[in-house]
Amino acid sequence: MPAMSDTTAPALLTILRYPDPRLHTVAQAVAAVDERIRALVERMFATMYDANGIGLAATQVDVHERLIVIDVSEERQQRLVLINPEVEWASPETRKGDEGCLSVPGIYDGVERSVAIRVRALDEQGNSRVIEADGLLAVCIQHEMDHLMGKVFVEYLSPLKRNRIKSKLVKAERDARR
Ligand code: QAP
Ligand code: CO
C-alpha cells in the first residue's frame, strides 16, 4: 500500500468583507520572519486558493502585519510571499484596469495603477528580495499593498458607486444570515 499523505491541509482563515471597519486598519511591520509567520503564510495561501483569488493581504484575514501572498499563475503554483514590502519605484505611466477583491465579492471596477513597479520585500525565509513586476502582477502587488495601508480598491471609485457597493454587500450579508 502506498504511504498515506501525512500533510494536513492548513486551516482556512475567515476573510473580512467590505465594509468591515477592520479592513481600514494600518498594518505593522513583521518583527521576525519565524515559524508563526510561516504558518500564517501557509494558511493564507490555503485560504486564497480556496477562494480562487490571486492575492491576499494579512489585513483581509484580520492580522494587521505587513504580509502578502500572491499567485497570479494559471497553474496556481507560483507562490510569491511579500513581507514588509516597500515600493522602490513605480512607473509614472499608469493604466486603468478592472479589479476585484476577495473582501468585495462579486464587484469589479476600473482602477488606475502604475504599469510597472519595483518592490523590496522579505521572503518567507527572511531574505531581502527585489521584485520587478509589470502586467497583472504589478497591479496585484499595488492592490495588496493598499490593503496593508487600510485601503480597499472601492475607495478609488466615486462616492456614488462606493455607496451602492456598500449597500449591496450589507444586504447580501443580511440575506446570507437569514
Ligand atoms: C486583487 O483579487 C486583484 O469578487 C486580488 O467573487 C484583482 O484575488 C489584483 C475574487 C484584480 C489585480 C487584479 C473576487 C474571487 C478574487 C471576487 C482577487 C470573487 C471571487 C479577487
Ligand atoms: Co483585495
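In what follows, every heavy atom counts, from backbone to side chain, and hydrogens, waters and symmetry copies are set aside. Counting starts at 1 for both ligands and their atoms, in listed order.
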For [atom], find the nearest protein heavy atom and state the residue, atom name and distance (0.1 Å precision).
| atom | value |
| --- | --- |
| atom 10 (C) of ligand 1 | Leu102 CD2, 3.5 Å |
| atom 18 (C) of ligand 1 | Ile54 N, 3.9 Å |
| atom 19 (C) of ligand 1 | Tyr108 OH, 3.3 Å |
| atom 9 (C) of ligand 1 | Cys140 CA, 3.6 Å |
| atom 7 (C) of ligand 1 | Gly100 O, 3.3 Å |

Need the ligand 1 atom indices (1-based, order shown) with element for anything under 4.0 Å from a heavy-atom of [X].
| X | value |
| --- | --- |
| Glu99 | 11 (C) |
| Leu136 | 12 (C), 13 (C) |
| Ala51 | 15 (C) |
| Pro105 | 4 (O) |
| Val139 | 12 (C) |
| Gly106 | 4 (O), 6 (O), 17 (C) |
| Glu144 | 1 (C), 5 (C) |

Q. Has Lys151 got its NZ or CZ under 6.0 Å from the middle of the six-membered ring of Tyr156, at an angle within 45 degrees of the ring axis?
A.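 Yes; both conditions hold, so Lys151 lies above the ring face of Tyr156.
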**Q.** Nearest atoms (heavy-atom pairs only) where Ser91 meets Ser114
**A.** O-OG, 2.8 Å
Q. Is there a donor-acceptor pair under 3.5 Å between the side chain of Arg43 and the backbone N or O of Ala11?
A. yes
Q. Can any side-chain N or O of Arg76 pair as donor or acceptor with the backbone N or O of Asp71 at less than 3.5 Å?
A. yes
Q) When you draw lines from the Co ion (ligand 2) to SG of Cys101 and to NE2 of His143, what angle lies between them, to the nearest 10°? A) 120°
Q) Yes or no on salt bridge (Lys or Arg N to Asp or Glu O under 4.0 Å) for Glu42 and Arg38, after CA distance, side-chain angles and deciding distance? A) CA-CA 6 Å; Glu42 291 309 316; Arg38 281 186 279 273; over 6 Å; no
Q. Mind checking whether Arg178 and Asp175 have side chains closer than 4.5 Å, heavy atoms only?
A.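 Side-chain contact under 4.5 Å: yes.
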Q) Out of Leu16, Thr14, Leu23, Leu13, which residue meets the side chain to side chain contact (heavy atoms under 4.5 Å, CB included) rule with Gln60? A) Leu23
Q: Please work out whether the ring planes of Phe45 and Tyr49 are parallel, tilted or perpendicular, with thresholds of 30° and 60°.
A: parallel
Q. Below 4.0 angstrom, N of the basic side chain to O of the carboxylate: do Glu124 and Arg129 qualify?
A.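 Looking at Arg129 together with Glu124, the answer is no, because their closest N to O distance does not fall below 4.0 Å.
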